[in-house]
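First up is the structure itself, then whatever we jot down about it.
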Amino acid sequence: DSGVTQTPKHLITATGQRVTLRCSPRSGDLSVYWYQQSLDQGLQFLIQYYNGEERAKGNILERFSAQQFPDLHSELNLSSLELGDSALYFCASSPFGSSYNEQFFGPGTRLTVL
Amino acid sequence: AQTVTQSQPEMSVQEAETVTLSCTYDTSESDYYLFWYKQPPSRQMILVIRQEAYKQQNATENRFSVNFQKAAKSFSLKISDSQLGDAAMYFCAYRSSPLDNYGQNFVFGPGTRLSVLP
């Protein structure tokens with residue numbers, strides 16, 4: 001158990017809908033990262049937040065948005081969903097000041113768009 | 001921008017044998033960190049081993065060790081005494097030095113699928 005939690009574990013929805021994925025980082029971690037992993041693909045970095053502020057943006061679509069709240073949990077909002085958005089969405093957190101700064105991954109949310 | 005390449009999409013190894021997974025990366029930075037992550041069928045991402053670029057000594061974690069060649073920008077993973085539970089997707093990852101902690105992301109390679117044959 002990495003200490004990072006993600007809810008829900010599974011989500012099935014229809015095209016055109018909007019969903020929200022939630023992530024709680026490890027206690028004390030200030031950075032949260034979101035990744036998308038499509039079937040049999042590598043991880044695509046979406047966005048990073050550090051202590052409530054957006055710090056880095058990757059290949060995140062305009063239909064997607066995220067935020068990090070004062071209690072450091074983060075939400076990834078996906079709107080106008082398309083079939084191609086079906087994927088495993090990972091949240092990861094990392095500490096500040098660690099000598100390694102490795103990321104600790106949550107179990108992921110599997111999104112299926114029908 | 002940094003890139004990470006894993007040239008072996010799939011590999012297989014006999015149980016109890018040794019296998020080496022390749023990873024190369026491209027960067028202009030001198031200080032950075034490298035990681036190997038394992039993703040078993042459960043899809044959980046698990047950190048296997050990590051290496052600081054300024055350390056010449058190769059990292060070792062039990063049956064897992066790396067061969068870090070900074071000049072060649074190579075970071076291979078060796079798994080000794082392979083076990084059935086080692087079967088997974090393995091991802092090589094790069095990140096910049098923590099001095100540049102803000103606005104940095106991890107760059108992952110495309111992965112190598114490892115099968116362990118009984």
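Order of the sequence lines sets the chain letters (A, B, ...), proteins ahead of strands, with each chain counted from 1.
- With no hydrogens or angles considered, no side-chain donor-acceptor pair links B:Thr27 and B:Tyr32 at under 3.5 Å.
- Put simply, the side chain of B:Glu52 never gets that close to the backbone of B:Asp31: no donor and acceptor are under 3.5 Å apart.
- Between the A:Gln6 side chain and the A:Cys91 main chain, a donor and an acceptor come within less than 3.5 Å of each other.
- Using modelled atom types and a 3.5 Å distance limit, the side chains of B:Arg95 and A:Gln103 yield no donor-acceptor pair.
- The backbone N or O of A:Ala66 lies less than 3.5 Å from a partner atom in the side chain of A:Tyr49, making a donor-acceptor pair.
- Below 4.5 Å, heavy atoms of chain A meet no heavy atom from residues 61-71 of chain B.
- Using a 4.5 Å cut-off between non-hydrogen atoms, the part of residues 104-114 of chain A that approaches chain B consists of A:Phe105, A:Gly106, A:Pro107, A:Arg110.
- Side-chain contact annotation: A:Asp29 with A:Ser94, donor-acceptor N/O pair under 3.5 Å absent.
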Report the C-alpha separation of A:Leu83 and A:Thr15 in whole Å, then their side-chain angles, then the decisive distance to 0.1 Å, and conclude whether the side chain to side chain contact (heavy atoms under 4.5 Å, CB included) test is met. CA-CA 6 Å; A:Leu83 295 177; A:Thr15 54; 3.7 Å; yes

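- Under a 3.5 Å cut-off, the side chain of B:Thr112 and the backbone N or O of B:Pro9 do not form any donor-acceptor pair.
- Classified by interplanar angle (parallel below 30°, tilted 30° to 60°, perpendicular above 60°), the ring pair B:Tyr37/B:Phe35 is tilted.
- Of the atoms belonging to B:Gln39, it is side-chain heavy atoms, and not backbone ones, that fall under 4.5 Å from chain A.
- The salt bridge (Lys or Arg N to Asp or Glu O under 4.0 Å) search around B:Glu15 returns none, not counting sequence neighbours.
- By number of non-hydrogen pairs under 4.5 angstrom with chain A, the leading residue of B:Met89, B:Arg43, B:Arg113 is B:Arg43.
- Cluster partners of B:Ile46, using a side-chain heavy-atom cutoff of under 4.5 Å among ILVMFWY residues and allowing indirect links: none.
- For chain B, the nearby part of A:Phe90 is the side chain; its heavy atoms alone come within less than 4.5 Å.
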